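Note sheet for the following structure.
Chain A is the first sequence line, chain B the second, and so forth, proteins listed ahead of strands; every chain is numbered from 1. Here the structure is a predicted model, which is why all the values come from computation and not from measurement.
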2 protein chains.
Amino acid sequence: MKRKLTLKLIAKELDVSISTVSKALRDSAEISEDTRQKIKAFAKLYNYKPNNIALSLKNRKTRTIGIIIPQIVHHFFTKVIKGIEQMAREHNYNVIITLSNNDFDKEVLNMELLANGSTDGFIVSLANETLHKDDFRHVTEAIDQGMPVVMFDRIVDEIPCDKVLIDDREGAKMGVRHLLKTGCRKIAIITTKDYVTIGKLRTKGYIEALESYGVRVQKELILKLDNIDRCDDECSAKIKHFLKDNDIDAVFTVNEMFAVTAARHLNALGKNVPTDVSIVSFSDGELSKHLIPSLSTVSQHGELMGRKAAELLINKLERPEDEVEEYTTAYIDTTLIERESTKKIKN
Amino acid sequence: MKRKLTLKLIAKELDVSISTVSKALRDSAEISEDTRQKIKAFAKLYNYKPNNIALSLKNRKTRTIGIIIPQIVHHFFTKVIKGIEQMAREHNYNVIITLSNNDFDKEVLNMELLANGSTDGFIVSLANETLHKDDFRHVTEAIDQGMPVVMFDRIVDEIPCDKVLIDDREGAKMGVRHLLKTGCRKIAIITTKDYVTIGKLRTKGYIEALESYGVRVQKELILKLDNIDRCDDECSAKIKHFLKDNDIDAVFTVNEMFAVTAARHLNALGKNVPTDVSIVSFSDGELSKHLIPSLSTVSQHGELMGRKAAELLINKLERPEDEVEEYTTAYIDTTLIERESTKKIKN
DNA sequence: TTGTACGCGTTATCAG
DNA sequence: CTGATAACGCGTACAA
């Protein structure tokens, strides 16, 4: 197990000084053509690569972006990561990912860990629990220490940083309008509790869409759940009762799992999708496409979101020291994809 | 934007030497109770955390694991990552993820990048193209440089390193046997070309299962596709013709996408699943569970796989320098999950 | 009990 | 043209 090649080793081998080697490899004009060639040939032969860690220490830059997300087994985050990774790679940045598991303490821990020099900046989507606790000191502290932060998706308005969002309100509006256009009037929504920003905004879009069509908003047709990403048994049971107890001709859900669960229960209740009940869902996954019937969705573009977030962060990282602080919020558009679950026009 | 606190700054502030501060913070008995308390209080107040980069440089250890995978928008890899992350975190390691996009050059680039000091070892699943090209120098070079490497899933036998695999042959056997047990005899398989190890092994398991039941293996019932993770239009068309041209009562597929695509085409061909044709698929995703009918699967346990891979790597990283080199190959068991697609007993 | 010196691998500056 | 030196932030052996 030979040790990695360093400048020092090359220098010793070729009997020159370390700085000569360094300069030669960086094509400094100070070094004679002769020695330069010799050193470069040697370095190439033994595949010398400068040590990143040493460079980071010297430059006080790691060229590494830290990603803090609630979980990874989730199409949306996965796509965002892909987008971030692309953009980062294009700009010669690395990416470190940490998972909070929707746990506040772990999120704090992860941020502290990465803040200790491992990372030049953060891209963050907050844990469920963090939003609930309403405690964002770990984020603001990082910002105070001069760490650029970009938040996406699960954000908090008050934190002073760049943000990337999908236009949840508009997306929901578009989805619900599609239901209205296809004749639905008794439209339910399955959403999250209000402390989850995206749930709140989507609920708002739902209400606005109804109002714009002069349809009365009925409180009992709004189901707010604690869950965000999954749909456990308890959650499933709530949806079941909700669907059984209400007379509806459409369901709008703020995520794919809610939609799939609703579809199953409707089926079990003997209601046909889309003949009896239409479905539109916010979505990022593959499920909607492959379900029978396939589900119409308000599609988020996670990859674009990731790219944008990375772009904003890199901009901050590479801006001149003295530039004025300025925060932007970027919106990523959603797209309505019509599939079988809204094929049937209600009268 | 204040600078991060360092030992030097604390030392200056408290008018002691840097090493005194260092020792005090590490609870060295050399330092008087008095100054120790003073220094620790100060450090805590201003939230001092040692700089990781400096520590890495000093210790020649980064406590970081590099993951190199083909893609991330894929349930299986996502679960593996989760497992790795867990185990890494439990042992105080960080994780850097890079994506090869199934591209050979990018895989090489990523490895070189991370090998330059960013990482103590690698967990790798090879790119499609790499397997095809049969060129693994980037991996062996890393190993030669003393970087521990653990390969999983898409591995190459010849490379001397730890490996984590699922028992593809056994898994396939189990799946196909389930079809045989439920009365199917005209069982097709949709698999990958042989250069993909997992495809090859699963095909082998399929054949062995048939033979153990005395069922003749028919070459025309074996469809080998180039795709691995996705199923594009071309791939879909091939499956369609394959299903149309052959008289079968069951399909076994080596991944979920093939199964879903097959299910669609069978449907379109007027064949009912499971009444006319049963389906069993290798799988990691959520699709199988939610499809109607839901699909029986040979489930891989990606998270376990990730945990095991990380465990092996960390073992190598923390073993004493002089320990003898020894490589282990761990197998992760698969589980058969019976769902609706094999509910119908053929006669 | 505290401080000095050194090294991890690199680059930049300055001296020769 | 080449080399010595300092610095990035830390920990530790050794000296005071």
Side-chain angles (χ1 to χ4, degrees), chain A residues 2-40 42-43 46-64 113-120 145-146, chain B residues 2-40 42-43 46-64 113-120 145-146:
Chain A
K2 62 190 174 194
R3 262 257 273 298
K4 270 224 85 174
L5 200 54
T6 65
L7 290 185
K8 195 199 273 190
L9 288 175
I10 300 181
K12 195 160 80 178
E13 206 62 35
L14 265 47
D15 209 36
V16 289
S17 78
I18 295 180
S19 48
T20 303
V21 178
S22 173
K23 284 173 189 162
L25 292 177
R26 321 196 83 235
D27 276 323
S28 161
E30 286 183 25
I31 306 297
S32 72
E33 185 61 23
D34 213 38
T35 44
R36 204 197 312 172
Q37 288 312 329
K38 191 177 65 182
I39 291 172
K40 290 185 87 169
F42 186 92
Y46 292 104
N47 195 27
Y48 168 80
K49 293 278 164 50
N51 180 312
N52 259 328
I53 296 294
L55 285 179
S56 295
L57 184 60
K58 179 118 196 62
N59 302 331
R60 294 137 149 280
K61 293 241 159 103
T62 61
R63 294 200 81 81
T64 298
L113 213 72
L114 295 195
N116 302 332
S118 309
T119 266
D120 294 340
Q145 288 188 3
Chain B
K2 61 189 173 193
R3 261 258 275 296
K4 271 225 85 175
L5 200 54
T6 65
L7 289 184
K8 195 201 271 188
L9 288 176
I10 300 180
K12 194 161 82 180
E13 206 63 37
L14 264 48
D15 210 36
V16 289
S17 81
I18 295 178
S19 59
T20 303
V21 179
S22 172
K23 286 173 189 161
L25 292 178
R26 320 199 85 236
D27 276 322
S28 161
E30 287 183 21
I31 306 297
S32 72
E33 185 61 23
D34 213 36
T35 42
R36 203 197 315 172
Q37 288 311 328
K38 191 176 64 180
I39 290 171
K40 290 188 88 167
F42 185 90
Y46 291 104
N47 195 28
Y48 169 78
K49 294 278 163 50
N51 180 313
N52 259 327
I53 296 294
L55 285 178
S56 296
L57 186 58
K58 178 127 196 54
N59 302 331
R60 294 135 148 280
K61 293 240 161 105
T62 60
R63 295 200 80 82
T64 298
L113 213 72
L114 294 194
N116 301 331
S118 309
T119 265
D120 294 340
Q145 288 188 3

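Note that the two end axes of the helix from dT1(C)-dA16(D) to dG16(C)-dC1(D) enclose an angle of 70°, each drawn from 5 base pairs, rounded to 10 degrees.
Rounding to the nearest 0.5 angstrom, the gap separating the CZ atom in F42(A) from the CG atom in L25(A) is 11.0 Å. Distance CG/N47(B) to NZ/K4(B): 7.0 Å, rounded to 0.5 Å.
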Side chains of residues 8-17 of chain B: which donor-acceptor pairs under 3.5 Å do they make with residues two or more places apart or in other chains?
unit_1 : atom_1 : unit_2 : atom_2 : d
S17(B) : OG     : S19(B) : N      : 3.4
S17(B) : OG     : S19(B) : OG     : 3.2
S17(B) : OG     : T20(B) : N      : 3.2
S17(B) : OG     : T20(B) : OG1    : 2.9

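With a cutoff of under 4.0 Å to any heavy atom of chain A, the contacted region of DNA chain D is bounded 5' to 3' by dC1(D) to dG9(D). With a heavy-atom cut-off of 4.0 Å to chain B, the contacted part of DNA chain C has its first and last nucleotide at dT1(C) to dG9(C).
With sequence neighbours left out, the side chain to side chain contact (heavy atoms under 4.5 Å, CB included) criterion links D34(A) to S32(A). Among residues two or more places apart in sequence or in another chain, the side chain to side chain contact (heavy atoms under 4.5 Å, CB included) test is passed with I53(B) by I53(A), S56(A), L57(A), T62(A), N51(B). Applying the side-chain hydrogen bond (donor to acceptor under 3.5 Å, both in side chains) criterion to S22(A), with sequence neighbours excluded, gives no partner residue. Listed by chain and residue number, E112(A) satisfy the salt bridge (charged side-chain N to carboxylate O under 4.0 Å, His left out) test with K49(B) (two or more places apart in sequence, or in another chain). Under the side-chain hydrogen bond (donor to acceptor under 3.5 Å, both in side chains) criterion, T119(A) pairs with no residue, sequence neighbours left out. The side-chain hydrogen bond (donor to acceptor under 3.5 Å, both in side chains) check on S118(B) picks up N52(A), with sequence neighbours excluded.
Counting all heavy atoms, side chain and backbone alike, P50(A) lies closest to N116(B) at O-CB, 3.6 Å. For L5(B) against Y46(B), the heavy-atom pair with the smallest separation is CD2-CB, 3.5 Å. Here the shortest heavy-atom pairing between R36(A) and D27(A) reads CD-OD1, 3.6 Å. When all heavy atoms of I31(A) and K23(A) are compared, the closest pair comes out as CG1-CB, 3.7 Å.
Listed in residue order, the members of residues 13-25 of chain A having a heavy atom less than 4.0 Å from DNA chain D are V16(A), S17(A), S19(A), T20(A), K23(A). For DNA chain D, the residues of residues 50-60 of chain A within the heavy-atom distance limit of 4.0 Å (strictly under) are L57(A), K58(A), R60(A), sorted by number.
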